[in-house]
*Asks:* 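One structure, as structure tokens, below. Some questions next.
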Amino acid sequence: MINVQFPDGAVRNYAPGSTPMDIAKSISEGLAKKVLAASLNGTVCDAATPIHADCTMRLLTWDDADGRSTFWHSSAHLMAEAVEQTIPGVKFWVGPAVEKGFYYDMDLGDRHLTEEDLVALEKKMNELAKKNSPYVRKEISKSDAVQYFDEKGDEYKLDLLAGLEDGTITFYTQGEFTDLCRGPHIPHTGLIKAIKLTSIAGAYWKGDEKNKQLTRIYGVSFPNQKELDEYLLMLEEAKKRDHRKLGKELGIFTFDDDVGPGLPLWMPNGTVVIEELEKLAKETELDAGYKRVVTPHIAKESMYLTSGHLPYYQDSMYPPMELEGIKYYLKAMNCPHHHKIFAAEPRSYKDLPLRLAEYGTCYRYEQSGELFGLMRVRCLHMNDAHIYCSKEDFAEEFRAVNDMYIKYFGIFGIEKYVMRLSLHDPAKLGQKYIDEPELWIETEQMVRKVLIESNIPFVEVPDEAAFYGPKIDVQIWSAIGREFTLATNQVDFAQGRRFGLQYTNKENHPETPLIIHRAPLGTHERFIGFLLEHYAGKFPLWLAPLQVKLLPISDRFNEYAHATCAVLKKAGLRAEVDDRSEKIGKKIRDTELMKVPYMFIIGEKEVGENTVAVRRQGKGDVGQYSISEILTTLTSEINNRHNN
RNA sequence: GCCGUUGUAGCUCAGUGGUAGAGCACUUCCUUGGUAAGGAAGAGGUCGUGAGUUCAAUUCUCAUCAACGGCUCCA
């Protein structure tokens, strides 16, 4: 007998060769019907895998992430079967599960799919699913596998096989479809009860744009119709929080064809948010010893040759304008300008760390297909600063920058974040990365050490660094689950030297400073896009474009409302009176929809008692207050940047 | 940049080979109403842009621009 330990610690005995499915059945038929796969000693496998030795086992169902991903992977195979039966001659590449669903990449030759094709494929998949075809695993020798796909003329699978070791190759077959696949898979297709093919996309083979573009079909599937309906409903809800929709509704920003793609126009309401954010940044940076600078939007070609940006990023800079034989570029980054400010005066170690900050306007010619609402734009305002420091100061400065990030997360209520430490790839030195092998290793070590010492959660990502040094990207998630790279924080050991930046050290020798590039609030564009989704458009009071709307119940109280509004404005609040001849219910509704945090309702009673009836957006009536009383409350809420 | 989809009023969307419609928003009038939509009238569109087919194009074809879903990219 073999001992199988369950997740709760219980150990039970089974006959050798029993499968997780056998074990599930011995517990209950109901459980067995739900089992999608199993985890044996932490490795996910088919529920039909025979167990020959003592192990720990976990039965995976829809409730486990691994269970769902197995389910979706099997769904991808089911889709491939449907495609193969619909489109003869199709060749498949890979079809994995993704975060929410699955896709399969395929070469359809000249055939182009339409939405109707998806509907037909969905139907076909449902028919195939109902056959309850088991997913059958078969181990096969490499030569047999090669022969199989050779006969099929499938160069894609042959390419996959080329990278595999003999003895590790498995095929999975369900119904009439056989695929090279390491598995695992769910027991049979009948478990897939609800399917939605969501989109068709082009995807380059092996993710390389030089390669042929394959057709990718995305889909999602569920063990019952209810879950699919809920998922579709959730998508609808997410749409309502989309920053593009909210930005339009709330008058935050707009785009115009005549201005150009990716060039947002900030409307008055959006500009209020921008100004509040800048106020926060300026206060914070002043406290942290930064100095503000202002630099031009353009610079000569020579500066970008000096910085080394031009060869790396020319394609994503607006083409130069040429005047009197000299080329000028719109700036795509602020650093070179700041370096020139550092270089403008002789510097001593006593001037360091020198921290230069600017909300710089940059222009980047992002590829047309990259543009996305406020998240990817061609004109951006960066919460930028460059810290020039000695090697000895580096750790402390870097730590202080991280502290600033954390402080901001607190203010905005950002709870979920991960820092990604992006490292260089030694193989690409001299091409993608500046050729300074030792400096790379040294600075990467320094950064890693600070992160570990500060207890900041981070993951390391190879081959993602900036060309001049390692960087830290801050990943955050909006309320609708969209992932953002909010900010980057980079170490630069290259540009200081390129610009000939020097300071005189204690020993009276010239030395090149290290530079930290940092932008904790990212860009206005991306950050406000994020905030719109994060708050679902309901900005906290300090950020709200309009803070108080005064709603007189009838025209008779307009005068009092305007007088009260004047008091609020004088106290620095953003307030307006709705003096339309509308009923109070209508005024409240309109104000609620505009997500104005406070409504002051003014009628007979309030005028008589010199008060206002206060209504909080989303909460309703919160009682009657004197003007001075409510003013104190609101002012304190604003000054503390209270996060709702 | 590449693959796919879409483009009709400020917004959300119908619709048609014979030069367009709804709801909301907007304007005016009536209404002066106590916590999420009071009533009436009116105004508003070169049907993304350009070309082609046709007696006739918003509708069909092609091109182009833009947005959207992805791929690639992101200092």
Side-chain angles (χ1 to χ4, degrees), chain A residues 98 103 105 108 112-115 117-118 198-218 239 242 244-245 248-249 251 254-258 260-262 304 307-317 331-336 362 364-373 375-377 380 382 384 422 432 464-469 471 473 485 488 490 492 494-495 517 519 526 551-558 580-593 599-606 613-622:
Chain A
V98 289
Y103 69 77
D105 282 352
L108 297 173
H112 292 277
L113 292 179
T114 62
E115 304 279 307
D117 291 322
L118 288 192
T198 47
S199 69
I200 308 164
Y204 298 109
W205 184 43
K206 297 185 177 179
D208 186 336
E209 63 181 327
K210 289 188 212 65
N211 287 342
K212 177 169 182 172
Q213 193 160 49
L214 306 177
T215 301
R216 174 175 296 181
I217 305 178
Y218 279 92
K239 260 190 203 164
D242 190 302
R244 292 164 296 188
K245 185 172 165 62
K248 179 104 200 157
E249 285 168 2
T254 189
F255 288 97
D256 185 284
D257 277 1
D258 266 344
Y304 296 111
S307 72
H309 283 98
L310 212 45
Y312 286 92
Y313 296 110
Q314 186 158 30
D315 287 348
S316 45
M317 291 175 78
K331 74 172 168 185
M333 72 299 294
N334 304 301
C335 30
C362 297
R364 296 180 178 181
Y365 193 79
E366 302 284 0
Q367 294 184 54
S368 58
E370 298 314 318
L371 301 175
F372 173 69
M375 299 306 168
R376 279 295 281 278
V377 290
L380 43 101
M382 220 192 308
D384 212 358
S422 299
K432 191 173 171 185
E464 293 274 323
F467 75 87
Y468 48 62
K471 65 173 180 174
D473 288 323
T485 299
T488 59
Q490 294 151 4
D492 178 354
Q495 283 198 61
H517 304 236
R526 192 170 286 191
L551 311 178
I553 284 175
S554 88
D555 293 354
R556 292 189 289 139
F557 315 115
N558 283 354
R580 297 175 303 166
S581 312
E582 290 291 351
K583 289 189 151 180
I584 193 65
K586 170 72 167 163
K587 291 184 184 184
I588 288 171
R589 178 180 158 80
D590 289 347
T591 313
E592 285 280 347
L593 290 177
M599 281 157 262
F600 291 178
I601 292 166
I602 292 161
E604 186 96 50
K605 194 161 169 237
E606 289 73 25
V614 177
R615 190 188 154 95
R616 188 77 164 93
Q617 199 273 339
K619 291 204 183 85
D621 195 351
V622 293

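In this text, all values refer to a predicted model and were calculated from it rather than measured experimentally. In the text below, chain A, chain B and the rest are named by the order of the sequence lines, each starting its count at 1.
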*Asks:* B/G23 and B/G33: how far apart are their P atoms, nearest whole angstrom?
*Replies:*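 To the nearest whole Å, 29 Å.
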*Asks:* Taking the side chain as C-beta and beyond, is there a heavy-atom pair between A/His309 and A/Tyr468 under 4.5 Å?
*Replies:*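 Yes. Closest side-chain heavy atoms under 4.5 Å.
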*Asks:* Please report the distance separating the P of B/A57 from the corresponding atom of B/G50, rounded so that it comes out in whole Å.
*Replies:*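 14 Å, rounded to whole Å.
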*Asks:* By the 4.0 Å heavy-atom rule, please label A/Arg376 as base, sugar-phosphate, or nothing.
*Replies:*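 Counting heavy atoms under 4.0 Å across all strands, the contact made by A/Arg376 includes a base.
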*Asks:* Looking at every strand, decide which applies to A/Phe467 at a 4.0 Å heavy-atom threshold: base, sugar-phosphate, or nothing.
*Replies:*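 The answer is nothing, as A/Phe467 stays clear of every strand by at least 4.0 Å.
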*Asks:* Would you mind classifying the nucleic acid contact of A/Arg615 as base, sugar-phosphate or nothing, using non-hydrogen atoms under 4.0 angstrom?
*Replies:*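 If one applies the 4.0 Å heavy-atom cut-off, A/Arg615 turns out to touch a base.
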*Asks:* Please give the distance between the P atoms of B/C65 and B/U46 as a whole number of Å.
*Replies:*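 Comparing P positions in B/C65 and B/U46 gives a spacing of 23 Å.
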*Asks:* Please state the C1' separation for the pair B/C60 and B/G17 - nearest whole angstrom.
*Replies:*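 Pairwise C1' distance, B/C60 against B/G17, rounds to 8 Å.
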*Asks:* Within the 4.0 Å heavy-atom criterion, would you say A/Gly369 contacts the bases, only the backbone, or no part of the nucleic acid?
*Replies:*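 Base contact - A/Gly369 has a heavy atom under 4.0 Å of at least one base atom.
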*Asks:* Taking the side chain as C-beta and beyond, is there a heavy-atom pair between A/Arg580 and A/Asp590 under 4.5 Å?
*Replies:*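 Of all side-chain heavy-atom pairs linking A/Asp590 with A/Arg580, at least one is under 4.5 Å.
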*Asks:* Across the strands shown, which category fits A/Ser368 at heavy-atom distances under 4.0 angstrom: base, sugar-phosphate, nothing?
*Replies:*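 Base contact.
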*Asks:* In whole angstrom, give me the gap between the P atoms of B/G48 and B/A20.
*Replies:*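 So the two P atoms sit 14 Å from each other.
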*Asks:* Give the first and the last nucleotide of RNA chain B, reading 5' to 3', that has any atom under 4.0 Å from a heavy atom of chain A.
*Replies:*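 The footprint of chain A covers B/G1 to B/A75.
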*Asks:* Identify whether any heavy atom of A/Tyr103 sits under 4.0 Å from a base atom; if not, whether one sits that close to sugar-phosphate; answer base, sugar-phosphate or nothing.
*Replies:*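 The residue A/Tyr103 makes no contact with any strand.
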*Asks:* Base, sugar-phosphate, or nothing: which does A/Tyr218 touch, judged by heavy atoms less than 4.0 Å apart?
*Replies:*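 It contacts sugar-phosphate atoms only.
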*Asks:* For RNA chain B, just give me the dot-bracket, please: Watson-Crick or G-U, both distances below 3.5 Å, ( ) intra-strand, [ ] crossing earlier pairs, | paired with another strand, . unpaired.
*Replies:* (((((((..((((....[..)))).(((((.......))))).....(((((..]....))))))))))))....
*Asks:* A/Asn558: what forms a side-chain hydrogen bond (donor to acceptor under 3.5 Å, both in side chains) with it, not counting sequence neighbours?
*Replies:*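 Result, side-chain hydrogen bond (donor to acceptor under 3.5 Å, both in side chains) vs A/Asn558: none returned.
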*Asks:* When you compare B/C68 with B/U27, how far apart are their P atoms, in angstrom units rounded to a whole number?
*Replies:*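 B/C68 and B/U27 have their P atoms separated by 30 Å.
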*Asks:* Would you indicate whether the side-chain heavy atoms of A/Leu310 and A/Met317 approach each other to under 4.5 Å?
*Replies:*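 Side-chain contact under 4.5 Å: yes.
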*Asks:* Evaluate the side-chain proximity of A/Phe600 to A/Val614: yes if any heavy-atom separation is below 4.5 Å, no if none is.
*Replies:*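 In short, these two side chains touch, coming nearer than 4.5 Å.
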*Asks:* For A/Tyr204, which contact category applies under a 4.0 Å heavy-atom criterion: base, sugar-phosphate, or nothing?
*Replies:*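 Base contact.
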*Asks:* Which part of the nucleic acid, if any, lies within reach of A/Ile584 when heavy atoms closer than 4.0 Å are counted: base, sugar-phosphate only, or nothing?
*Replies:*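 Since only primed, P, OP1 and OP2 atoms lie under 4.0 Å of A/Ile584, the category is sugar-phosphate.
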*Asks:* Which residue lies toward the 5' end of RNA chain B, A/Gln490 or A/Lys248, if each is placed at its nearest nucleotide?
*Replies:*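 This one resolves to A/Lys248.
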*Asks:* Suppose you measure atom C1' in B/U54 against the same atom in B/U61; what distance do you get, rounded to whole Å?
*Replies:*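 It comes out at 12 Å once rounded to the nearest Å.
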*Asks:* Under 4.0 angstrom, heavy atoms only, what part of the nucleic acid is A/Asp257 near: base, sugar-phosphate, or nothing?
*Replies:*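 Sugar-phosphate, no base atom in range.
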*Asks:* Side chains of A/Glu366 and A/Val377: closer than 4.5 Å at any heavy-atom pair?
*Replies:*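 They are not in contact (no side-chain heavy atoms under 4.5 Å apart), so the answer is no.
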*Asks:* Please report the interatomic distance CD(A/Glu604) to CD1(A/Ile553), rounded to the nearest 0.5 Å.
*Replies:*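 Rounded to the nearest 0.5 Å, the CD-CD1 separation comes to 9.5 Å.
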*Asks:* Using a heavy-atom cut-off of under 4.0 Å over every strand shown, decide if A/Glu606 touches base, sugar-phosphate, or nothing.
*Replies:*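 It contacts base atoms.
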*Asks:* Would you say A/Met333 and A/Tyr304 make side-chain contact, with heavy atoms under 4.5 Å?
*Replies:*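 Touching, per the 4.5 Å side-chain cut-off.
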*Asks:* May I ask you to say what A/Ala466 touches in the nucleic acid, namely base, sugar-phosphate or nothing, with a heavy-atom cut-off under 4.0 Å?
*Replies:*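 The residue A/Ala466 makes sugar-phosphate contact but no base contact.
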*Asks:* Take atom P in B/G18 and the same atom in B/A56, then report the distance between them in whole Å.
*Replies:*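 Each nucleotide's P atom is 14 Å from the other's.
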*Asks:* So what does A/Gly603 hit on the nucleic acid, given a heavy-atom distance under 4.0 Å: a base, only sugar-phosphate, or nothing?
*Replies:*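 Base, at least one base atom sits under 4.0 Å.
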*Asks:* Is the shortest heavy-atom distance from the side chain of A/Glu606 to the side chain of A/Ile601 under 4.5 Å?
*Replies:*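 No, their side chains stay 4.5 Å or more apart.
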*Asks:* Checking A/Tyr204 against A/Lys210 for the side chain to side chain contact (heavy atoms under 4.5 Å, CB included) test, could you report, in this order, the C-alpha distance in whole Å, the side-chain angles of both residues, the deciding distance, and whether it holds?
*Replies:* CA-CA 8 Å; A/Tyr204 298 109; A/Lys210 289 188 212 65; over 6 Å; no
*Asks:* With nearest nucleotide decided by heavy atoms, which residue, A/Thr488 or A/Gly618, maps closer to the 5′ end of RNA chain B?
*Replies:*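 The residue closer to the strand's 5' end, by nearest nucleotide, is A/Gly618.
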*Asks:* Is there a side-chain contact between A/Glu592 and A/Met599 (heavy atoms, below 4.5 Å)?
*Replies:*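 Touching, per the 4.5 Å side-chain cut-off.
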*Asks:* Across the strands shown, which category fits A/Thr198 at heavy-atom distances under 4.0 angstrom: base, sugar-phosphate, nothing?
*Replies:*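 No contact.
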